[in-house]
Every structure is written in C-alpha cells, then in structure tokens.
Amino acid sequence: MAKKKPSIPQYGTVTRSGIQYYRTRIMDADGKQVALYATTREELYEKELEARRQVEDIIFRRQNPTVAEYCEKWLYMKSATISAATLRGYTYTMNTYIVKPLGDMYMSDVTADDIRLALIPVSKMSEGLYNKVNMLFKCIFYSAERSQLLDYNPSVGISAKGGKTTKKKDALTDEQVSVLLDTVKGLPPYVFIMIGLYAGLRREEILALQWDCVFLDVPTPYISVQRAWRAYHSKPEISTVLKTKAARRDVPIPKCLGDCLREAKAASKSDFVIADSKGEPLSDSQFQRVWKYVAVRTAKERVYYKYVNGQRIRCTVNPTLGGHQKNNPNIVYNIDFDVTPHQLRHTYITNLLYAGVDPKTVQYLAGHENSKTTMDIYAKIKYNKPEELCGVVNAAFHQAAAV
C-alpha cells in the first residue's frame with residue numbers, strides 16, 4: 001500500500017533581497033515567536049517539523065532532566081554562593097559517585113534503591129567521603145523536589161551512616177611535642193610545626209601566611225589570619241576567602257613561637273613565612289615532600305616496591321627506635337608515634353582547654369564557627385577523667401541515699 005503523502009500547509013510568502021520565501025512562525029521553548037523560512041513549501045514543512053521536535057525535546061528535558069543534567073544545573077546555581085575550591089570538590093565528587101552510576105537516568109525515574117546501590121562502593125571508603133556523597137544526593141533531590149520536578153523524593157529514607165570510621169587521633173602529649181621539635185629542629189617543617197602547635201592555625205592558613213600578617217614588634221605579638229592556601233592541580237592559590245567568617249581572627253602567640261618567627265624572618269627572602277626556594281608558596285606536592293622529613297624519621301613499618309629482573313617486588317622495612325636509616329645514616333628514627341599536620345592544631349586547642357581557658361575564647365582562637373566543634377573537644381577533656389568526677393558522683397548519690 002502506498003504511503004499517504006503529508007498534507008503540507010499553504011504557507012504565506014515574503015520577498016527578501018528579491019527572492020521569494022515561504023514563511024511560518026512557531027513558539028520556541030521560552031514562549032517567544034521564531035520565524036522559519038524556506039524556498040519551497042516542502043522544505044519549510046520539514047524545517048517546521050524538526051523545529052517543533054526540538055522545542056518539545058527541550059521542554060521535556062526541562063521538566064524531566066537526567067541526573068547528569070540536573071547535577072550540572074545544581075552546581076551552576078551553587079557557584080554563586082560557594083568558593084571556587086569547594087565547587088571543584090563538589091564537581092569531582094558528584095561526577096565520580098553520582099553522575100557516573102546514575103547520570104543517564106531521568107531524575108523522576110530514580111528510586112531509593114538506585115541511590116542505595118550507587119552508595120555501596122562509597123560505603124567501603126572513608127566515613128567522610130560517604131557523608132559528602134550522601135549530602136550531595138540529598139541536596140540535588142531536595143532541590144528538584146522544591147522546584148516541583150519530582151512528586152517523590154527518593155533520598156528521604158537514605159541512611160546517613162556509612163563508610164569506614166577513621167580513628168580520631170589524640171592530641172600530642174608534652175613528651176611527644178618535645179621529641180617532635182627536637183627531631184625536626186633546623187629542618188624545613190620546623191616553622192610550620194611551631195605555628196601549628198603554638199598558634200593553632202589550619203594547614204591552609206599556615207601555608208598562606210605572609211610576613212605582613214605577623215606582628216612581632218608590638219607589646220603583644222600576634223598573627224592575623226587573613227588568607228587561605230588552596231591547591232588546584234597541585235598548584236598553590238592564595239585567597240582572602242577563608243573557610244568560615246570565624247576563621248578571620250588575630251591570634252596572640254607565646255614567646256617560644258615569637259622567637260622562632262623572628263629568627264625565620266631574619267633569614268627569609270620571601271613575603272611568605274613558609275616558602276619554596278624561589279620565595280613562592282608551596283604547592284601540594286612540595287608540602288608533602290616537606291612533611292616527609294617527619295614521616296621518614298618515624299619508627300613505623302614501611303612498604304616499598306622494587307624491580308628485580310623485570311618483576312615488581314614488595315619489600316617491608318621495620319625501623320627500630322633510635323636506629324639509623326640504612327641509605328642515609330644522618331636520618332635517625334626518633335619518633336615512635338604517628339603525627340599529622342592537623343594533629344598540631346588539635347594539640348593547641350586541647351592544651352588551651354587543659355589550661356582552663358574558657359571554651360568561648362578557645363572557639364575564637366581556633367576560628368571555629370560552630371561552638372559544637374570546640375565543645376566536643378572540651379567535653380572529652382573535662383569528662384574523661386574518672387578520678388576528678390568521682391567526688392561529684394559520690395556526692396550526688398550520697399544525697400540520694402540520704403533521702
């Protein structure tokens with residue numbers, strides 16, 4: 001049976017530059033009229049059909065975006081309120097753990113089981129990463145629900161608990177601080193460690209610190225936290241946008257740190273307190289190399305690989321405390337405890353609380369926006385001492401017994 005020919009409309013005509021065209025108008029996806037032209041009615045009919053199909057597709061996608069499309073839109077909306085570094089972090093995490101498994105699905109088709117399945121690989125990773133991915137899932141689906149793109153939000157019942165719990169590191173003891181400082185005295189990480197221990201600055205605050213924010217020749221020496229360091233493709237970026245509003249603060253420094261900084265300033269040829277050989281701020285890889293001065297002096301098991309006859313062989317080294325490194329006898333294994341850059345700051349905060357400084361003051365000095373962060377450390381210190389609480393408990397139950 002012969003295919004029925006379509007009924008082609010009787011389009012109007014218009015003359016442009018001496019040539020006659022057939023013309024029609026359609027509404028685009030934004031509700032605006034758009035004119036279409038062609039030299040024949042058949043050609044214009046095909047153009048009209050294709051244009052209407054494209055408009056319908058755009059309208060459908062606006063009302064039924066895929067996960068990948070909505071994630072891109074959500075990130076664009078967030079870009080107005082978050083820092084460039086945070087946006088890069090969100091983009092990477094979202095593309096890796098949300099768009100990759102679910103990107104081709106329509107938002108309205110995603111179920112709670114789809115999200116749970118996508119979270120299975122993340123649940124085998126760190127608790128922090130799991131929380132971040134979970135938060136991003138909830139953000140995009142709550143946003144879509146508020147925009148009335150969804151009748152049902154599939155992220156509502158997703159558990160917030162997951163991922164491998166990382167063991168929280170305790171503050172360093174006075175003995176450990178002494179060993180650490182004796183070990184790195186005169187080495188590249190020494191000034192960084194002193195600022196962390198005695199001013200409590202975050203890593204990004206120390207690496208961005210410039211001498212114009214270090215006030216040593218005043219009655220009360222202090223550091224003014226005004227900048228933050230961030231790494232982008234391992235290159236350093238210095239910004240005046242800090243982690244939170246509370247991070248902008250003036251921190252008085254003790255004499256030991258003041259003396260250390262005066263000595264460092266006298267030898268410095270850079271605007272930065274911590275700088276590379278060219279006087280520039282450290283890149284991420286450069287900082288890792290600086291911290292290796294601490295890691296290689298720690299008496300803990302190490303694994304390395306070497307090639308023998310083309311085969312990759314796994315080798316293990318078990319350093320002994322007080323021993324010397326085989327390939328470099330100048331390196332002595334003096335440290336018998338783990339230490340991280342963040343532990344320096346945690347030690348500073350803990351020591352302030354141990355000294356009886358009130359939590360509100362500690363919150364300011366630490367640059368904590370949320371008092372809960374400070375109070376969690378405070379509670380651990382204050383209430384994890386059975387010998388001090390014994391009298392309080394006995395007194396309470398003595399009164400109860402008397403009744």
Side-chain angles (χ1 to χ4, degrees), residues 96-97 120-133 161-198 200-204 206-207 229 231 234 274 276 282-351 377 380-381 384:
T96 307
Y97 302 106
I120 287 175
V122 191
S123 66
K124 297 172 184 175
M125 300 177 190
S126 72
E127 185 180 26
L129 177 62
Y130 181 90
N131 291 340
K132 188 175 182 179
V133 176
K161 294 183 179 179
K164 293 182 180 177
T165 308
T166 2
K167 186 183 176 184
K168 291 186 178 178
K169 295 189 178 293
D170 293 328
L172 300 175
T173 65
D174 291 344
E175 292 75 19
Q176 289 173 334
V177 167
S178 179
V179 169
L180 176 62
L181 292 177
D182 287 344
T183 302
V184 299
K185 178 76 173 174
L187 296 175
Y190 182 71
V191 176
F192 178 94
I193 289 172
M194 285 290 290
I195 296 172
L197 285 172
Y198 297 109
L201 271 61
R202 299 175 175 91
R203 181 179 77 144
E204 62 266 27
I206 300 175
L207 294 180
W229 168 99
S234 193
I274 309 290
D276 64 14
L282 300 185
S283 67
D284 187 50
S285 55
Q286 285 174 323
F287 176 74
Q288 298 307 323
R289 287 198 293 273
V290 166
W291 194 256
K292 270 197 171 182
Y293 281 89
V294 177
V296 298
R297 287 164 172 79
T298 305
K300 63 183 292 188
E301 183 181 280
R302 288 182 186 78
V303 174
Y304 69 95
Y305 294 87
K306 66 179 182 180
Y307 287 88
V308 179
N309 297 327
Q311 288 189 326
R312 191 168 181 252
I313 308 296
R314 185 178 189 270
C315 304
T316 305
V317 176
N318 290 288
T320 353
L321 189 64
H324 295 255
Q325 192 183 87
K326 186 178 178 181
N327 298 329
N328 187 351
N330 291 327
I331 294 179
V332 184
Y333 301 118
N334 285 330
I335 304 172
D336 62 347
F337 49 89
D338 287 329
V339 55
T340 65
H342 183 74
Q343 236 175 324
L344 309 175
R345 171 175 164 79
H346 184 57
T347 301
Y348 170 81
I349 295 168
T350 302
N351 285 339
I377 303 171
K380 184 177 178 182
I381 291 170
N384 198 24

S.K.: How far apart are the closest heavy atoms of K124 and K164, and which atoms are they?
M.R.: O-CE, 3.2 Å

S.K.: Take R203 and H342, measure what side chain to side chain contact (heavy atoms under 4.5 Å, CB included) needs, and give me the verdict at the end.
M.R.: CA-CA 7 Å; R203 181 179 77 144; H342 183 74; over 6 Å; no

S.K.: Less than 4.5 Å apart, side chain to side chain, heavy atoms only: is that true for E127 and T165?
M.R.: yes

S.K.: Please report the shortest heavy-atom distance between L197 and L181, naming the atom on each side.
M.R.: CD1-CD2, 4.0 Å

S.K.: Quick one, I331 and R297 - any side-chain contact, counting heavy atoms below 4.5 Å?
M.R.: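 They are in contact (side-chain heavy atoms under 4.5 Å apart), so the answer is yes.
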
S.K.: Going from OG1 on T347 to CG on L172, what distance comes out if it is rounded to the nearest 0.5 angstrom?
M.R.: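 Those atoms lie 3.5 Å apart.
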
S.K.: Using modelled atom types only, decide if a donor and an acceptor are shared between the side chain of S178 and the backbone of D174 within a distance under 3.5 Å.
M.R.: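 Between the backbone of D174 and the side chain of S178 there is no qualifying donor-acceptor contact (under 3.5 Å).
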
S.K.: Could you tell me whether the side chain of D284 reaches within less than 4.5 Å of the side chain of W229, counting heavy atoms only?
M.R.: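 With C-beta onward as the side chain, the pair touches.
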
S.K.: For a 4.5 angstrom cut-off between non-hydrogen side-chain atoms, does F337 reach V179?
M.R.: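 They are in side-chain contact.
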
S.K.: Report the C-alpha distance between L344 and I206 in whole Å, list the side-chain angles of each, state the deciding distance to 0.1 Å, and finish with yes or no for side chain to side chain contact (heavy atoms under 4.5 Å, CB included).
M.R.: CA-CA 12 Å; L344 309 175; I206 300 175; 5.9 Å; no

S.K.: Indicate the ring-plane relationship of F287 and F192, choosing parallel, tilted or perpendicular according to the 30° and 60° boundaries.
M.R.: tilted

S.K.: I need the H346 NE2 to N351 CG distance, nearest 0.5 Å.
M.R.: 10.0 Å

S.K.: Evaluate side chain to side chain contact (heavy atoms under 4.5 Å, CB included) for Y97 paired with L129, printing each intermediate quantity in order.
M.R.: CA-CA 10 Å; Y97 302 106; L129 177 62; 3.7 Å; yes

S.K.: If every non-hydrogen atom of D338 is compared with every non-hydrogen atom of Q343, which pair is closest and at what distance?
M.R.: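 The answer is O-OE1, 3.4 Å.
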
S.K.: Please report the shortest heavy-atom distance between T350 and A171, naming the atom on each side.
M.R.: OG1-CB, 3.6 Å

S.K.: Which value, rounded to the nearest 0.5 Å, describes the distance between N318 atom CG and Y333 atom OH?
M.R.: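 Output value for this atom pair is 10.0 Å.
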
S.K.: Please name the pair of heavy atoms, one in S283 and one in Q286, separated by the smallest distance, quoted to 0.1 Å.
M.R.: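 Minimum heavy-atom separation between S283 and Q286: N-OE1, 2.8 Å.
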
S.K.: Has E301 got more than 12 heavy atoms of other residues, nucleotides or ligands less than 6.0 Å from its CD?
M.R.: yes

S.K.: For side chain to side chain contact (heavy atoms under 4.5 Å, CB included), just list the numbers for V184 and Y293, CA-CA rounded to whole Å, side-chain angles, deciding distance to a tenth of an Å, and then say yes or no.
M.R.: CA-CA 7 Å; V184 299; Y293 281 89; 5.6 Å; no

S.K.: What are the two closest non-hydrogen atoms of K300 and P319, and how far apart are they?
M.R.: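 For K300 and P319, the tightest heavy-atom pair comes out as O-CD, 3.1 Å.
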
S.K.: Please confirm whether the backbone N or O of N330 pairs with a side-chain atom of Q325, one donor and one acceptor, at under 3.5 Å?
M.R.: no

S.K.: Find out whether V339 and L180 are in side-chain contact, i.e. whether some heavy atom of one side chain is under 4.5 Å from a heavy atom of the other.
M.R.: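 Side chain of V339 against side chain of L180, heavy atoms only: contact under 4.5 Å found.
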
S.K.: Nearest 0.5 Å, please: how far is CD1 in I193 from CG in L187?
M.R.: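 So the gap between those two atoms works out to 9.0 Å.
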
S.K.: Give a yes or no answer on whether the side chain of R314 reaches the backbone of Y305 with a donor-acceptor pair at less than 3.5 Å.
M.R.: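 The answer is no, because no donor-acceptor pair under 3.5 Å joins these two groups.
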
